[in-house]
Amino acid sequence: MRVVVLSGGRSSEHEVSLRSGSSVAAGLREAGHEVVPVVIEPDGRWLDQGATVEVTPGGGLLDADVVFPVLHGPYGEDGTVQGLLECLDVAYVGCDVLASAICLDKLTLKRLFALRGIPQVEFVQAGEDGWRERVAAMGLPLWVKPSRLGSSVGISKVTAEGDLDAAVEQAARHDPRVIVEATARGKEVECSVLGNEALETSLPGEIDAHAEWYDYEAKYSDGGMDLIVPASIPAPAAERVRALAAEAFEAGGCSGMARCDFFVEPEGAVLVNELNTIPGFTETSVFAKLFEASGISYPDLCDRLVGLGVERYERARGHEF
């Protein structure tokens with residue numbers, strides 16, 4: 001197939017996205033596809049080999065059979081680009097508009113999890129009624145985050161009550177919606193999910209960050225962390241992680257792919273942290289490494305994802321509106 005790989009984007013994760021896009025393009029070529037790389041510049045321009053990309057509603061994108069967005073954070077992972085691709089009437093890899101928007105917004109996703117009874121850490125939105133009382137009940141340390149940003153950007157660990165307002169102010173510089181979370185004391189474990197309706201979950205992997213916590217530098221710097229596969233957790237906890245990954249994926253309305261992040265506490269309790277609908281996608285990123293350990297090579301993973309994107313597109317176009 002002819003596949004447009006979209007990378008870059010307007011968010012602070014632009015450079016990470018370029019790396020992911022380059023890896024995806026190589027994987028698709030190895031799988032036998034024709035690749036058209038399109039870079040979204042930080043100012044929002046779409047470029048195909050330096051030339052501005054022009055689009056027409058209903059006219060597809062550069063004659064592609066399918067588009068593979070490898071965009072992280074706002075203006076790419078939040079439903080905006082997915083909405084444009086819907087207007088262009090072209091198949092694309094990954095979640096649709098609604099699921100993308102829900103899953104990037106931590107507050108919305110966690111409220112949805114709460115409705116489904118999915119176990120997670122305590123949280124509250126900064127500024128809502130009674131939020132300070134709820135924060136005080138959580139104890140210290142706390143985690144203050146922009147609700148709609150990824151890769152640990154704008155996150156603060158609060159270890160003293162007097163530092164809370166400054167942490168909220170810092171997060172609000174990135175997003176007016178700010179979430180405050182309690183601390184989960186346990187291992188950070190991640191599980192990749194693949195599929196539309198019939199889901200496959202990977203072996204769980206454990207994050208061993210070479211830092212106080214799993215921040216941006218630990219995620220993307222060489223030697224910043226080690227991935228232990230399979231995770232060093234009891235077998236019942238590993239089974240619970242995989243089951244909850246699929247349940248969270250379905251609760252978020254996801255399709256194609258996502259990576260589900262967890263905390264596994266010392267007594268064995270498993271808590272869902274978040275879903276990433278377009279996780280880091282280099283060959284050494286966690287999403288791909290977990291499926292590699294589960295028997296799916298990187299080129300095969302890329303190939304299966306474009307197939308899932310086309311499958312979802314064809315099914316959606318069969319509906320009556």
Side-chain angles (χ1 to χ4, degrees), residues 1-29 31-105 148-150 196 252-258 276-279 281 302-321:
M1 287 188 284
R2 180 176 168 89
V3 186
V4 166
V5 175
L6 276 178
S7 64
R10 294 170 57 187
S11 81
S12 57
E13 298 171 82
H14 179 90
E15 293 300 324
V16 175
S17 172
L18 291 178
R19 289 161 53 189
S20 292
S22 178
S23 294
V24 167
L28 288 169
R29 290 190 185 100
H33 298 284
E34 177 188 359
V35 175
V36 182
V38 171
V39 173
I40 303 178
E41 293 291 292
D43 62 7
R45 291 176 299 134
W46 290 33
L47 302 179
D48 172 17
Q49 297 183 344
T52 300
V53 175
E54 296 184 359
V55 298
T56 302
L61 181 63
L62 300 174
D63 295 320
D65 297 299
V66 59
V67 178
F68 199 134
V70 200
L71 302 161
H72 308 310
Y75 306 107
E77 196 176 354
D78 60 353
T80 52
V81 165
Q82 289 75 12
L84 175 57
L85 296 175
E86 293 281 355
C87 291
L88 296 179
D89 193 22
V90 62
Y92 58 92
V93 170
C95 293
D96 65 11
V97 177
L98 179 61
S100 298
I102 286 172
C103 292
L104 190 69
D105 186 349
R148 296 170 292 187
L149 210 59
N196 289 334
C254 298
S255 53
M257 64 174 172
N276 289 274
T277 57
I278 308 182
F281 221 101
C302 293
D303 179 64
R304 291 178 64 175
L305 282 166
V306 295
L308 288 166
V310 171
E311 173 187 282
R312 182 175 57 79
Y313 170 84
E314 291 177 346
R315 186 175 68 246
R317 292 307 177 271
H319 297 153
E320 294 182 7
F321 295 100

- Query: Between Thr80 and Leu84, does a side-chain contact (heavy atoms from CB on, under 4.5 Å) hold up when you go through it step by step?
  - Reply: CA-CA 7 Å; Thr80 52; Leu84 175 57; over 6 Å; no
- Task: Would you please test Met257 and Leu305 for side-chain contact (heavy atoms from CB on, under 4.5 Å) and show each step?
- Result: CA-CA 8 Å; Met257 64 174 172; Leu305 282 166; 3.7 Å; yes
- Message: Does Cys103 form a side-chain contact (heavy atoms from CB on, under 4.5 Å) with Cys254? I'd like the steps, not just the answer.
- Response: CA-CA 9 Å; Cys103 292; Cys254 298; 3.7 Å; yes
- Given the rule in the side-chain contact (heavy atoms from CB on, under 4.5 Å) test, do Ile40 and Leu6 qualify, once you have shown the distances and angles that lead to the verdict? CA-CA 7 Å; Ile40 303 178; Leu6 276 178; 4.1 Å; yes
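The list of side chain to side chain donor-acceptor pair (under 3.5 Å) pairs with a residue in residues 31-42, not counting sequence neighbours, reads Arg2-Glu34, His33-Asp303. Screening residues 44-70 for side chain to side chain donor-acceptor pair (under 3.5 Å), with sequence neighbours left out, gives Asp43-Arg45. Under the salt bridge (charged side-chain N to carboxylate O under 4.0 Å, His left out) criterion, the residue pairs touching residues 85-95 are Glu86-Arg317, Asp89-Arg317, with sequence neighbours excluded.
At distances below 3.5 Å, not a single donor-acceptor pair connects side-chain atoms of Arg148 with backbone N or O atoms of Ala101. In terms of modelled atom types and a separation under 3.5 Å, the side chain of Asn196 and the main chain of Gly256 share a donor-acceptor contact. Of the possible donor and acceptor atoms, one in the side chain of Ser17 sits under 3.5 Å from a partner among the backbone N and O of Val70. A distance-only check finds no donor-acceptor pair linking the side chain of His72 to the backbone of Glu77 [under 3.5 Å]. A donor-acceptor pair under 3.5 Å is absent between the side-chain atoms of Glu314 and the main chain of Gly309, judged by distance alone.
Here the straight-line distance linking atom OG of Ser255 with atom OH of Tyr313 works out to 15.0 Å at 0.5 Å rounding. Rounding to the nearest 0.5 Å gives a distance of 9.5 Å between CG of Leu71 and CG of Leu18.
A pairwise comparison of heavy atoms in Val67 and Pro69 identifies O-CD, 3.3 Å as the closest pair. Contact between Ile278 and Gln82 at its shortest, heavy atoms only, is CD1-NE2, 4.0 Å. What you find for Ser100 and Cys95 is that their closest heavy atoms are OG-O, 3.4 Å. In this structure, Gly253 and Ala99 approach most closely via the heavy-atom pair O-CB, 3.3 Å. Summarising the geometry of Gly60 relative to Val90, their closest heavy-atom pair is CA-CB, 4.3 Å, with the distance given to 0.1 Å. Of all the heavy atoms in Arg29 and Pro37, the pair that sits closest is NH2-CG, 3.9 Å.
Annotation: side chain of Glu15 is not in contact with side chain of Arg19 (no heavy-atom distance under 4.5 Å). No side-chain heavy atom of Val3 sits less than 4.5 Å from a side-chain heavy atom of Cys302.
Each of Leu61, Val97, Val4, Val66 was compared with Leu85 under the side chain to side chain contact (heavy atoms under 4.5 Å, CB included) criterion, and only Leu61 meets it.
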